[in-house]
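Note sheet for the following structure.
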Amino acid sequence: MFKTRLDETARAARAHLHAVIDPKGALAEPMRYATAGGKGLRAFLVIEGARLHGVSETRALWPAAAIEAIHAYSLVHDDLPCMDDDNLRRGLPTVHKKWDDATAVLVGDALQTLAFELLTHGDVGDARVPLVASMARAAGQLGMVHGQALDIAAETADTPLSLEEITALQAGKTGALIRWSGEAGAVLAGADITPLRDYSTALGLAFQIADDILDVEGDATAVGKAVGKDQDAGKATFVSLLGLDAAKSRAKELVNQACDALSPYGEDADTLREAARFVIQRDR
């Protein structure tokens, strides 16, 4: 059920996003390229959280497409030579490799601003301002960008990050956008965000631990990008700090926490529970 639903929501959000990328724009082709693949987990979280609160998928597609645009922008910029310097993303050449660095910078800029445009659409209704404000926080100076800055600083630090420091870093770099995605459905409905906030906070950390495990155990073809880079660079990760077995155990504990947070929704949240289990079982 979950994988079917994930595929459905990913296709719907991607189609919605591509439909609002103006073909007359000079960057239309690379913008579509940058948003053409991926799991679509964040869009799924938005749409599924909205469903739990009786919000239509038609309305939820606007923030679902917005978060996919923000996520794609972050990946395009993260792949640049001045950041992580990656040649592959989702099994294809990164945007700066297929085009050039300047195009990649502009594509990221365009996707970021498009995300906020999507959130202001009339169909979003009274949730427009709360969603725009929370997106700015999640993606900005104390959110995802903050985490990216800490990650870059850690590469040249004299001592590796501690477990507490790496947890704080990843709460911004990866966790902030996942948390926003998880909360968005409740925000659309004007409902209490606490259960979905607790769910998505645990989910985001489990997701990052799973990423660190994939960097050690994953196959580059399946993952769709280079693996082993963190270890080669001597970066502190959950695996390097905890050990492989303990990292896997911690990820399972977080999945259990995420599932427990959904208790107010009963069986209606079973698809979200499957999503949490998927996060630590995936191969990419």
Side-chain angles (χ1 to χ4, degrees), residues 1-17 20 38-72 115-139 143-144 171 174-207 254-255 257-279:
M1 174 63 180
F2 159 68
K3 289 189 176 180
T4 299
R5 188 67 180 137
L6 179 66
D7 290 342
E8 291 172 351
T9 55
R11 283 196 301 270
R14 190 176 303 120
H16 195 77
L17 180 54
V20 299
K39 296 177 285 295
L41 178 65
R42 291 157 187 81
F44 162 83
L45 292 173
V46 173
I47 294 171
E48 195 62 17
R51 183 194 64 78
L52 279 180
H53 292 89
V55 176
S56 71
E57 186 166 317
T58 300
R59 188 175 170 216
L61 274 172
W62 294 96
I67 191 61
E68 289 300 320
I70 284 282
H71 179 52
F116 288 100
E117 181 182 343
L118 291 168
L119 292 176
T120 64
H121 193 274
D123 285 354
V124 180
D126 293 340
R128 283 175 293 183
V129 171
L131 287 174
V132 166
S134 58
M135 174 74 85
R137 289 191 295 270
M144 183 265 294
T174 301
L177 294 187
I178 289 178
R179 187 167 59 252
W180 186 93
S181 305
E183 295 173 356
V187 174
L188 280 168
D192 180 15
I193 68 169
T194 303
L196 288 179
R197 180 194 61 204
D198 292 346
Y199 164 81
S200 55
T201 298
L203 181 75
L205 187 53
F207 186 97
L254 287 162
V255 166
Q257 288 178 26
C259 292
D260 289 345
L262 297 171
S263 59
Y265 303 109
E267 294 180 359
D268 283 348
D270 279 350
T271 308
L272 285 175
R273 293 186 181 93
E274 288 184 54
R277 289 187 282 270
F278 161 79
V279 157

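When a residue number appears, it is its place in the shown sequence, counting from 1. Because the structure is a prediction, the values reported are computed rather than measured.
Between Ala206 and Val255, the shortest heavy-atom contact is CB-CG2, 4.2 Å. Heavy-atom minimum distance, Ala261 versus Tyr199: CB-N, 3.7 Å. The shortest heavy-atom contact between Pro130 and Val187 is CB-CG1, 3.9 Å. Closest approach of Leu188 to Ala127, counting heavy atoms only: CA-CB, 3.8 Å. Considering all non-hydrogen atoms of both residues, Leu262 and Arg273 come closest at O-NH2, 3.3 Å. When all heavy atoms of Thr174 and Gly204 are compared, the pair lying nearest together is CG2-O, 4.3 Å.
Scored by the salt bridge (charged side-chain N to carboxylate O under 4.0 Å, His left out) test, Arg59 finds no partners at all (sequence neighbours excluded). In this structure Tyr265 satisfies the ring pair (Phe, Tyr, Trp, His ring centres under 6.0 Å) test together with His53, sequence neighbours excluded.
Distance check: Arg51 CZ to Thr9 OG1 gives 11.5 Å after rounding to the nearest 0.5 Å. Between the CD atom of Glu183 and the OG1 atom of Thr194 there is a distance of 9.0 Å, given to the nearest 0.5 Å. Rounding to the nearest 0.5 Å places CG of Leu196 at 10.5 Å from OG1 of Thr201. With values rounded to the nearest 0.5 angstrom, His71 atom NE2 is found 6.5 Å from Lys39 atom NZ. Annotation: the span from Glu68 atom CD to Leu41 atom CG amounts to 8.5 Å, rounded to 0.5 Å. Within the model, atoms OG1 of Thr271 and CG of Leu52 stand 8.5 Å from one another, a figure rounded to the nearest 0.5 Å.
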Exercise for review: Test side-chain contact (heavy atoms from CB on, under 4.5 Å) on Ile67 and Met135 and set out the steps.
Suggested key: CA-CA 8 Å; Ile67 191 61; Met135 174 74 85; 4.0 Å; yes
Exercise for review: Just do the side-chain contact (heavy atoms from CB on, under 4.5 Å) check on Thr4 and Glu8 with the steps written out, would you?
Suggested key: CA-CA 6 Å; Thr4 299; Glu8 291 172 351; 3.6 Å; yes
Practice item. Decide yes or no on side-chain contact (heavy atoms from CB on, under 4.5 Å) for Trp180 and Ile70, but give the supporting numbers first. Key: CA-CA 11 Å; Trp180 186 93; Ile70 284 282; over 6 Å; no
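Remark: of the listed residues Val279, Leu272, Leu254, Val279 is the sole one forming a side-chain contact (heavy atoms from CB on, under 4.5 Å) with Leu203. Of the residues Leu119, Val20, Leu17, the one that meets the side-chain contact (heavy atoms from CB on, under 4.5 Å) test with Trp62 is Val20.
Within the 3.5 Å criterion, the main-chain N or O of Glu117 finds a donor-acceptor partner in the side chain of Thr120. Looking at Arg42, its side chain never comes within 3.5 Å of a backbone N or O of Ala66 through a donor-acceptor pair.
A salt bridge links Glu57 and Arg5; the closest N-O separation between the charged side-chain nitrogens and carboxylate oxygens is under 4.0 Å. One finds no salt bridge joining Arg277 and Glu274 here, because no Lys/Arg side-chain nitrogen approaches an Asp/Glu carboxylate oxygen to under 4.0 Å.
Between Phe44 and Phe2, the ring planes lie perpendicular to each other; the angle is over 60°, past the 30° to 60° tilted range.
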